[in-house]
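Written out below as structure tokens is the structure these notes cover.
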Protein chains: 2
Amino acid sequence: MRKRRPTIIDVAERAGVSKSTAARALAGAESILDETRERVLAAAKAVGYERNHLAVGMRSGRSGMLGLVIPDITNPFWADVARGALDRAAEADVSLLVFSSDWDPAKEESHLRALRRARVDGAIVNPVSDALDDLDKFGLPFVLIGSSAERFADVSSVGSDITQAVELGLDHLVSKGHHAPTLIVGPKSRLARTRFLNAVQRHSIKRDVDPAQLIVEDGEYTLEGGRLAMLRLLDRPRLGHICVFAANDMMAIGAMMAVRERGLRCPEDVSILGFDGIPSGAFTFPGLTTIAKPGRDIGARAVESLFDEIEGRPEHGRVYMPCRLIDRASLADLSREPRKLAG
Amino acid sequence: MRKRRPTIIDVAERAGVSKSTAARALAGAESILDETRERVLAAAKAVGYERNHLAVGMRSGRSGMLGLVIPDITNPFWADVARGALDRAAEADVSLLVFSSDWDPAKEESHLRALRRARVDGAIVNPVSDALDDLDKFGLPFVLIGSSAERFADVSSVGSDITQAVELGLDHLVSKGHHAPTLIVGPKSRLARTRFLNAVQRHSIKRDVDPAQLIVEDGEYTLEGGRLAMLRLLDRPRLGHICVFAANDMMAIGAMMAVRERGLRCPEDVSILGFDGIPSGAFTFPGLTTIAKPGRDIGARAVESLFDEIEGRPEHGRVYMPCRLIDRASLADLSREPRKLAG
DNA sequence: GTGAAAGCGCTAACAG
DNA sequence: CTGTTAGCGCTTTCAC
């Protein structure tokens with residue numbers, strides 16, 4: 001039997017004013033006698049008053065809560081996004097309701113319903129289902145995040161700048177003397193594959209290397225997928241050093257394992273560049289050179305955009321956050337040695 | 001300008017019944033004509049009614065929300081805990097408000113206040129400040145998690161079973177022929193250090209090895225801390241193979257790096273056993289053998305306990321969740337070779 | 001079995 | 001500058 005929490009009435013009574021005066025004082029309104037305000041504030045502190053946000057939300061239509069629906073908080077990238085969102089939200093003194101969709105449309109839908117029932121003021125979601133199409137009639141301000149958000153035109157969304165990232169990676173590669181990297185990309189069905197491939201091709205043309213000559217292997221976006229792809233690559237006839245640009249860090253690490261499995265060495269025999277910036281990349285041997293997605297920034301920017309959306313000044317476009325290179329040890333420096341054929 | 005959300009009144013009108021009847025039908029009450037219930041349910045679906053949890057919470061005193069305050073969602077262990085809690089909560093159809101304390105007492109306090117204002121039904125927190133002492137007067141059902149929770153007697157808490165974990169590790173070590181591991185532990189000030197050390201000592205005595213002969217190095221609970229400790233260890237005069245049991249995976253990985261740095265090899269020259277079970281351990285070379293804390297189970301169990309607490313059937317004790325061994329490749333098998341001096 | 005009415009704690013007119 | 005009043009949407013007596 002917990003004792004009743006003090007309400008604004010308790011505060012008002014103790015301060016000898018009316019409910020509304022107390023409310024105004026608590027809200028820090030201007031039109032109030034300094035002396036009255038202080039009396040109310042003192043009373044509030046004395047009784048241990050804490051504003052009931054349920055009641056506030058009910059009356060004002062603002063719950064002070066935001067929803068965040070991401071696939072898996074256990075995945076380092078999404079954890080990073082969540083952290084960014086959490087921090088930015090805390091700054092603005094709003095709370096975040098977090099949910100894991102597990103890439104399951106059914107869960108996503110059920111979580112979205114939960115958010116609506118909770119009367120959150122808006123939601124940030126990495127969409128898995130296409131059913132989010134009629135987002136407008138969803139009755140909730142939205143900001144989409146991640147690459148899957150690009151399917152939805154005219155909804156605010158934020159994600160990494162793949163084009164810039166690929167350019168960054170490719171530039172770094174040529175600075176190390178690698179002019180036409182072999183690509184390990186995701187499965188054919190995935191949108192991300194196309195986007196990655198396109199960016200590489202576009203950039204290759206700019207650098208006068210024929211995209212058609214780029215070797216491409218694909219596999220699942222997993223350790224094993226990368227390992228298998230690398231094994232296949234190693235089975236091909238090849239000449240000298242080989243340089244691999246993997247579309248994600250897990251695949252890159254898998255590739256690294258395949259190299260060791262075949263008795264070869266990284267970076268001496270094969271150079272590997274990853275993409276994601278997962279923490280584990282710091283602990284592989286050699287350390288994985290990779291280009292990191294700005295998860296935290298994405299999360300923070302998403303709540304920022306969501307605030308805009310809620311305030312009624314929507315941008316309704318995609319924001320691309322820049323990636324950065326993490327230079328570790330998985331790339332050989334060939335720039336001082338004789339150039340290879342390509343490039 | 002978003003259109004007004006349908007309320008229970010809209011449902012009632014459409015079904016041709018009163019507010020209260022509609023409410024009863026929606027709540028699935030017994031005392032209602034089947035026919036009426038169906039009419040109401042149909043009406044609810046027709047108008048797209050979704051219960052307003054703010055209003056429910058206000059009236060019933062149950063917000064259907066729980067709070068989770070952990071140091072850093074970006075830390076794999078805490079992400080795992082969060083995941084467990086998220087899943088269990090979703091199962092019970094309650095939402096989770098998540099906050100990062102960053103080991104900062106000020107943030108912790110402010111988050112706790114936010115939770116109270118949000119009128120969560122209870123909170124799960126990894127306590128950083130000692131000020132949580134008067135938890136009773138906090139006006140909120142609590143379940144504490146993690147090792148720092150052990151400071152608070154007579155509050156429900158759940159954490160890993162360090163004793164069982166150490167026993168598991170030590171047993172595995174002897175099965176591989178290592179009888180008196182060198183310990184790399186945390187800084188003197190930390191409670192966790194003592195607990196770890198105690199467990200090792202207790203178990204050593206049981207196996208007839210004198211705890212006093214165990215070599216102990218300490219350092220920060222970080223990569224660098226582990227590296228430095230290992231370097232110091234390597235500087236000591238030693239005979240043959242050395243086996244290290246690190247109190248956390250980061251330190252273990254740091255130690256591994258130090259070994260390589262000195263031109264030695266793991267596991268041929270030094271065996272390393274970690275403690276935590278972070279994902280990165282799978283990607284080191286060699287893969288880190290470690291004992292994994294059941295983060296997810298801890299999170300799930302914590303919301304379970306919290307439900308009990310809320311329902312008014314508190315256990316008020318600590319629950320210890322068992323750890324498990326992940327056997328990878330950082331331990332040499334000396335069991336077939338001549339025994340070492342110790343043990 | 002169903003309806004009418006009260007009230008959870010708060011804010012926002014509207015008076016004074 | 002401050003008080004009074006009317007709800008926000010829902011559940012819950014208490015009647016009928």
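In what follows, chains carry the letters A, B, and so on, assigned in the order in which the sequence lines appear, proteins first and then strands, with residues in each chain numbered from 1.
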Subject >> Donor-acceptor contact present, side-chain B:T21 to main-chain B:V17, <3.5 Å >> reply: no
Original post:
Can you tell which of B:V40, B:L33, B:L41 makes a side-chain contact (heavy atoms from CB on, under 4.5 Å) with B:R37?
Top reply: B:L41
**OP:** Flag yes if more than 12 heavy atoms outside A:R117 fall under 6.0 Å of its CZ atom; otherwise flag no.
**Re:** yes
Subject >> Trace of the side-chain hydrogen bond (donor to acceptor under 3.5 Å, both in side chains) decision for B:T7 with B:N52 >> reply: CA-CA 8 Å; B:T7 78; B:N52 181 338; over 6 Å; no
Original post:
Closer to the 5' end of DNA chain D via nearest nucleotide, is it B:T21 or B:M58?
Top reply: B:M58
Original post:
To the nearest angstrom, how far is B:I9 atom CD1 from D:dG7 atom P?
Top reply: 11 Å
Original post:
Quick one: is the NZ or CZ of A:K107 closer than 6.0 Å to the six-membered ring centre of A:F99, and within 45° of its axis?
Top reply: no
**OP:** With sequence neighbours left out, write down each residue that passes salt bridge (Lys or Arg N to Asp or Glu O under 4.0 Å) with B:R39, or none if nothing qualifies.
**Re:** B:E35
Subject >> DNA chain D contacts among residues 45-52 of chain A, heavy-atom distance under 4.0 Å >> reply: none
Subject >> Whole-Å distance separating the CG atom of A:D121 from the P atom of D:dC8 >> reply: 19 Å
Original post:
Are B:S63 and A:L54 close enough, and set up right, to give a side-chain contact (heavy atoms from CB on, under 4.5 Å), and what steps lead you there?
Top reply: CA-CA 8 Å; B:S63 64; A:L54 294 178; 4.1 Å; yes
Original post:
Distance-only, no hydrogens or angles: does the B:D161 side chain make a donor-acceptor pair with backbone N or O of B:Y320 under 3.5 Å?
Top reply: no
Subject >> Angle of first-five versus last-five pair axes in the helix from C:dG1-D:dC16 to C:dG16-D:dC1, to 10 degrees >> reply: 40°
**OP:** Provide the start and end nucleotides, 5' to 3', of the part of DNA chain C that has atoms under 4.0 Å from heavy atoms of chain A.
**Re:** C:dG9 to C:dA13
**OP:** Starting at atom CG of A:L33, determine the distance to atom C1' of D:dG3, rounded to an integer number of angstrom.
**Re:** 15 Å
Subject >> Atom pair distance, as rounded to whole Å: CZ in A:R117 and P in D:dG9 >> reply: 17 Å
**OP:** May I have the distance from A:R59 (atom CZ) to D:dT5 (atom P), rounded to whole angstrom?
**Re:** 16 Å
Original post:
When all nucleic acid strands are considered with a 4.0 Å heavy-atom cut-off, which category describes B:T7: base, sugar-phosphate, or nothing?
Top reply: sugar-phosphate
Original post:
Within the side chain of A:E108, is there an N or O that forms a donor-acceptor pair under 3.5 Å with the backbone of A:W103?
Top reply: no
Subject >> From CA spacing to verdict: side-chain contact (heavy atoms from CB on, under 4.5 Å), A:V56, A:R62 >> reply: CA-CA 7 Å; A:V56 173; A:R62 280 285 175 72; over 6 Å; no
Original post:
Closest heavy-atom contact between A:S160 and A:R318?
Top reply: N-NH2, 4.3 Å
Original post:
Quick one: on DNA chain C, does A:P6 or B:S18 contact a more 5' nucleotide (nearest heavy atom)?
Top reply: B:S18
Original post:
Under the side-chain contact (heavy atoms from CB on, under 4.5 Å) criterion, do A:L97 and A:L66 qualify, and how do the steps go?
Top reply: CA-CA 6 Å; A:L97 287 176; A:L66 262 29; over 6 Å; no
**OP:** Rounded to the nearest angstrom, tell me the gap between atom CZ in B:R119 and atom C1' in D:dC10.
**Re:** 17 Å
Show each protein N/O and nucleotides 14-16 of chain D N/O combination with a separation under 3.5 Å, one pair to a line.
none

Original post:
Step by step, would you call B:I73 with A:I73 a side-chain contact (heavy atoms from CB on, under 4.5 Å)?
Top reply: CA-CA 8 Å; B:I73 192 76; A:I73 194 74; 3.5 Å; yes
Subject >> Contacts of A:H53 that satisfy ring pair (Phe, Tyr, Trp, His ring centres under 6.0 Å) - sequence neighbours left out >> reply: none
Subject >> Between P of D:dG3 and NZ of A:K19, the distance in whole Å >> reply: 13 Å
Original post:
Expressed in angstrom and rounded to an integer, what is the separation of B:L54 atom CG from D:dC10 atom P?
Top reply: 10 Å
